[in-house]
Structure formats: structure tokens, C-alpha cells
There are 2 protein chains.
Amino acid sequence: MKTVDKAMGLLSHFTPTQPEIGLSELARLADLDKATTRRILKSLIKHHFIEQNQITKAYRLGSGFLHLARVREATTPITAIATQTVDWLCEITHETAHASVAGPSALITIAHKEPHRGTVVMIDPTEPLPFHATASGIAFLAFNEPDLMEAALRQQLGKYTKFTETDPDAIRQRVLKAKEDGFYLNEHGFESDVAGLAMPYFNADGSAAGAIAVAMPITRKSDELVTKVKRNVAAASARITTAIGGVLHPNVQKLIR
Amino acid sequence: MKTVDKAMGLLSHFTPTQPEIGLSELARLADLDKATTRRILKSLIKHHFIEQNQITKAYRLGSGFLHLARVREATTPITAIATQTVDWLCEITHETAHASVAGPSALITIAHKEPHRGTVVMIDPTEPLPFHATASGIAFLAFNEPDLMEAALRQQLGKYTKFTETDPDAIRQRVLKAKEDGFYLNEHGFESDVAGLAMPYFNADGSAAGAIAVAMPITRKSDELVTKVKRNVAAASARITTAIGGVLHPNVQKLIR
DNA sequence: ACCCATGGTTCATTATTATCACCATCGGCA
DNA sequence: TGCCGATGGTGATAATAATGAACCATGGGT
């Protein structure tokens with residue numbers, strides 16, 4: 001269904017940093033003809049998924065998403081559960097916690113919480129988490145179809161710090177390790193001086209639906225802290241997984257102790 | 001763009017009361033062929049807008065909406081503003097207040113608040129507000145293209161109470177009155193023994209983006225209360241309108257006094 | 001053991017969509 | 001002033017994509 005793909009592709013170009021896009025620019029971004037872009041936009045407008053700024057003529061996301069997000073949340077209350085769980089995880093570990101779901105080409109943060117103390121890792125909830133450079137991403141890929149990983153590796157693998165791993169084979173190794181261990185510990189991969197420990201949470205079919213993680217300043221990392229965080233993240237994963245009717249993978253289950 | 005219309009049409013069949021739908025049933029609801037439905041669903045799944053329950057094989061809304069709703073809200077924070085304003089409106093009028101945005105075939109509640117007192121009107125936030133039977137709906141139609149009203153009147157006009165007006169011409173009269181007055185007062189239209197007073201809030205192009213309303217038990221309705229509510233709802237409309245960068249219609253403006 | 005529903009797929013037929021060229025308008029700029 | 005290169009937007013034909021009847025396989029109900 002190429003037409004549908006194109007329509008969805010258009011939507012993915014709207015971001016918090018670029019919420020309004022003109023016709024020509026959007027056509028350029030999506031690599032479509034202007035006329036095609038316009039016709040798709042007209043359809044999306046009809047269904048309230050796109051709105052047009054009548055003054056600047058630029059297009060932006062519409063209210064339809066508010067509605068469908070509410071419907072989705074009314075039945076699969078991921079955000080609600082994730083918010084609760086992240087709060088709990090932050091409180092018990094005294095470190096920054098965050099949860100994410102699978103987005104089109106990265107993980108999207110759906111809940112985050114920073115503890116009240118001196119040095120903490122700050123999360124920008126609007127920033128997508130690249131699969132290859134974050135603990136969450138690796139943990140997520142580890143418990144999904146290999147196709148998804150390969151698709152992720154075919155993308156441009158951004159180098160966010162000088163330690164970011166961008167070699168596909170090395171990343172495959174990390175994913176393999178995460179699959180065995182049930183978690184992944186990433187250091188300096190996305191932000192300097194930060195260590196992230198992540199695990200997936202699961203769908204009913206056993207695949208990963210998203211990830212939950214704790215991010216700590218690398219200076220505070222110790223065996224004791226990692227052990228504690230690991231156990232609590234596992235408990236958090238179990239909590240979210242059961243809340244959405246998923247089945248926990250044994251490799252994560254065993255970490256709860 | 002018929003293909004896009006079909007895809008969007010599919011999405012509108014998912015509701016809080018029927019969050020998971022099987023292939024055959026969805027095809028029947030949307031009046032499409034099974035094969036077509038399946039192909040569209042596959043595309044939507046690829047973009048995370050639909051998920052499939054691997055056990056029951058039924059389809060449900062995906063996490064993509066969570067993401068895009070966040071993007072939309074990050075730039076046009078309607079829900080946040082509406083929540084604040086509704087809280088304020090409820091507190092100052094001591095009656096139930098609620099705000100809604102345009103949905104595919106009705107208004108969708110995005111915020112609501114009931115006061116702490118004996119008899120109050122309860123709002124089910126998941127229930128769509130039909131255009132023809134609610135004060136919000138009439139007020140919304142009054143400040144939009146006539147095409148939209150005609151489309152709304154072509155739908156099945158449900159009779160929710162024995163007082164619900166279902167005659168298209170009578171409804172057109174009500175909309176006309178609302179346009180002149182800047183508000184609409186509806187009694188017993190959607191729920192028995194309830195009076196609703198609603199006004200639209202506006203987009204930058206001057207069209208209605210949604211509605212804000214106060215619902216009170218009919219027994220409490222008095223000229224004084226209506227006058228007070230009218231002024232405060234107008235103020236609330238102004239607040240939301242300016243917050244989203246819209247332009248207030250003079251007929252609503254004049255009600256603030 | 002049968003029936004009828006479901007989910008899912010295939011391929012010849014058919015309808016939809018892409019493309020390019022075009023127009024009108026706007027804001028800079030000399 | 002007039003020109004340039006953007007922009008948003010549109011229409012007719014060529015090229016492509018979507019359709020749907022018929023077809024499995026499966027599973028629950030009588």
C-alpha cells in the first residue's frame with residue numbers, strides 16, 4: 001500500500017523542533033512531488049490529522065492524534081503505567097528513570113523522572129532515542145525480530161559522543177549480549193559521562209514493546225549500584241509488562257531474584 | 001486520495017468500547033473488502049499506528065499516536081490549556097465544565113472537571129459529543145463552514161432523550177441562533193435534566209477549533225446562573241483561543257463584558 | 001461430521017495516482 | 001520600477017497501484 005506509506009511518511013517529518021512545514025519543504029523532505037504531497041495533505045486534513053495555518057499556509061499535526069491517543073490510552077494505558085513505574089523506579093534507585101516505546105526509527109520517551117539531588121542525568125522527553133546508541137535501543141532490538149535490527153542498522157548511525165559505537169557488527173554483538181543477559185549497560189553511548197541500564201518490556205506475543213531504563217552519572221557507577229539498579233529495572237519491566245498483558249521473557253524474569 | 005481516506009476511515013472505528021477489532025468485522029464496519037482492509041492494516045502496522053494481538057489476531061491502535069499526540073501537544077498545547085481553563089471554569093461557576101475538539105464525526109472531550117457538591121453533572125470523557133444534540137456541538141457548527149454542518153446533518157441523528165431535536169431544519173435554526181448569540185444553551189438534548197451552555201474557541205483563521213461548556217442540573221438553572229456562566233465561559237473561550245493563537249469572534253468577545 | 005465463521009492470500013482486472021507543465025503571488029534586490 | 005527565484009496551488013494524461021472474487025486453512029458450535 002504505497003499510498004498509505006507515503007501519507008504516514010509525511011507525518012513523521014513533524015517534530016517538536018519543526019512543528020509547521022510548508023508544502024514545498026515537506027515535499028522535499030518526503031521526496032515526493034508537490035502535487036502528490038498536497039493531495040495527501042488534503043485527505044489528512046479532512047480527517048483532522050493535519051491542520052493548515054491559514055496565514056503562513058504551513059501544515060501542522062491535527063487534533064485527530066489527541067483523540068486516538070486517548071482511545072489507545074483508555075485501553076492500553078501504557079503512559080499511565082509507565083509514569084507510575086518510572087516514578088517508583090526513580091525513587092527507589094535515586095537515579096533518573098525513563099520509559100520509551102517503539103517509534104518509526106527510534107524509541108520515543110513516554111515517561112521520565114529525575115531524582116532530587118545534586119548531579120542527575122537530565123532527559124529531553126522530545127528527543128528520540130536512537131537504537132544503536134542507547135541502552136534502551138539495544139535492549140529493545142535484542143527482543144525483537146532480527147529484521148527490525150537490520151533495518152535499524154541500515155539507517156545512518158549517528159555518532160553522538162566520541163565513544164558511540166557505529167560499527168554494525170559490533171552493535172550486533174551488543175544486541176546478542178543483551179539477549180543473553182536480559183539487559184544492556186551502555187556507557188557514553190548517547191551522552192558523555194552517562195551510563196544507562198535498560199531492559200525491554202513485552203507484548204503478549206513476547207516481543208519487546210519498548211524499554212525502561214535508569215541513567216546515572218558514570219562517576220557514580222559501582223558494582224553495588226548496578227546490581228541494585230538491575231534488580232529494580234527488572235521489577236519495573238515486569239510491572240509494565242503484566243499491566244499491558246504481555247509475557248515477560250525468562251532472561252528478564254531471572255534478574256528480579 | 002481515496003486510499004488515504006480508506007486508511008483513515010479504518011482508524012475511526014476503534015473506540016474505547018471496541019478497542020480491538022478482527023479483520024472481517026473491521027472490513028464490514030468500514031465497508032471495504034477483506035483483502036483491501038488487510039493490506040491497509042499491514043501498512044499501518046509498519047508505521048506503528050496499528051498493532052495486532054498475536055493471540056486473538058485482532059487489531060488495535062498502535063503507539064504511533066502516543067508519539068504524534070506528544071509532538072502536537074508540545075507545539076499546540078491544547079490539552080494543557082484546556083485542562084487549566086476547565087478547572088478554573090468549574091471552580092468559579094461551581095458547575096461541571098468540559099472542553100472538546102473536533103473529531104471525525106463528533107466532538108471529543110479533552111478535559112473535564114466536576115465540582116465538589118451534592119448534585120453535579122457527570123461527564124464520560126470517552127463518549128463523543130454528537131453535533132446535533134449538544135450545546136457544544138451546535139456552538140461548534142455555528143462557527144464553521146456550512147459544509148461541515150450539512151455533513152453533520154446527513155449523519156444518523158440519534159435521539160438521546162425524548163427532547164433531543166432530530167429535525168435538520170430545526171437544528172439549522174439553532175445553529176443560526178448560536179451564530180448570532182455567540183453561545184448556545186441546550187436543555188435535555190443529550191442527557192435528561194441537564195442544561196449545557198457552550199461556546200466555541202477559535203483557530204487563527206477564525207473558524208471554531210472546538211468548544212468549551214458548562215453543564216448544570218436543569219433544576220439549578222436560573223437567569224442569574226446563566227448570566228454568570230455565560231460570562232465565564234466567554235472568558236474561558238478567550239483564554240483558550242489566545243493560548244492557541246486563534247482569533248476570538250466578536251460575538252463571543254462581546255459576552256465577556 | 002458437518003457447517004459457517006474466521007484470518008489470510010493470489011492474480012487478472014480495473015481504477016487510482018504520479019508527473020510535469022503550468023499559473024498566481026510574494027519578498028527581496030538592484 | 002522590473003526582474004529573479006522562491007513559494008502555494010492546480011489540471012490533464014501517462015504510468016502505476018489498488019481492487020475483489022475466488023481460493024485455502026483453521027477452529028469453534030451444533
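These values consider heavy atoms only, across backbone and side chains, with no hydrogens, waters or symmetry-generated copies. Numbers restart at 1 for each chain; the letters A, B, ... are given by sequence-line order, proteins then strands.
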Interatomic distance, A:I40 CD1 vs C:dT16 C1' [rounded to whole Å]: 13 Å

Whole-Å gap separating P (C:dA18) and NZ (A:K2): 10 Å

hbond_proxy B:K34 side chain to C:dG7 base (donor-acceptor, 3.5 Å cutoff): yes

A:K6 side-chain N/O to C:dA18 phosphate OP1/OP2 under 4.0 Å: yes

A:M1 vs A:A58, nearer the 5' end of DNA chain D by closest nucleotide: A:A58

Sub-4.5 Å side-chain heavy-atom contact between B:D31 and B:R28: no

B:Y59 side chain near C:dG8 phosphate (N/O to OP1/OP2, under 4.0 Å): yes

Spacing of B:E20 atom CD relative to C:dG7 atom C1', expressed in whole Å: 15 Å

B:T3 side chain, from C-beta outward: closest of C:dG8, D:dG8, C:dT16: C:dT16

Minimum-distance nucleotide to B:R38 side chain [options: D:dG8, D:dA18, C:dG8]: C:dG8

Nucleotide of C:dG8, C:dT6, D:dG9 approaching A:Q52 most closely (side-chain heavy atoms): D:dG9

Given B:R38, B:E51, B:H13, the one that forms side-chain hydrogen bond (donor to acceptor under 3.5 Å, both in side chains) with B:Y59: B:R38

Nearest-neighbour nucleotide for the B:D33 side chain, D:dG8, C:dG8, D:dG20 considered: D:dG20

Check: A:T161 side chain, A:T164 main-chain N or O, donor-acceptor pair, under 3.5 Å: yes

Backbone N/O of B:A80 and side chain of B:E73: donor-acceptor pair under 3.5 Å: yes

Closest listed nucleotide, where the reference is the side chain of B:A35 and the choices are C:dT10, D:dT19, D:dT7: C:dT10

Sub-4.5 Å side-chain heavy-atom contact between A:V252 and A:F202: yes

Nearest-Å distance for atom pair CG/P, residues B:N53 and C:dT6: 17 Å

Which nucleotide in D:dG20, D:dA17, C:dT19 has an atom nearest any side-chain atom of B:R39: D:dG20

Whole angstrom value for the distance that separates C1' of C:dC26 from NZ of A:K57: 12 Å

Nucleotide C:dG27, atom P - distance to CD1 of A:I55 in whole Å: 14 Å

Euclidean distance, atom CG of residue B:D5 to atom C1' of C:dA15 [Å, nearest integer]: 15 Å

Rounded interatomic separation in angstrom, taking CG from B:L23 and P from C:dA5: 15 Å

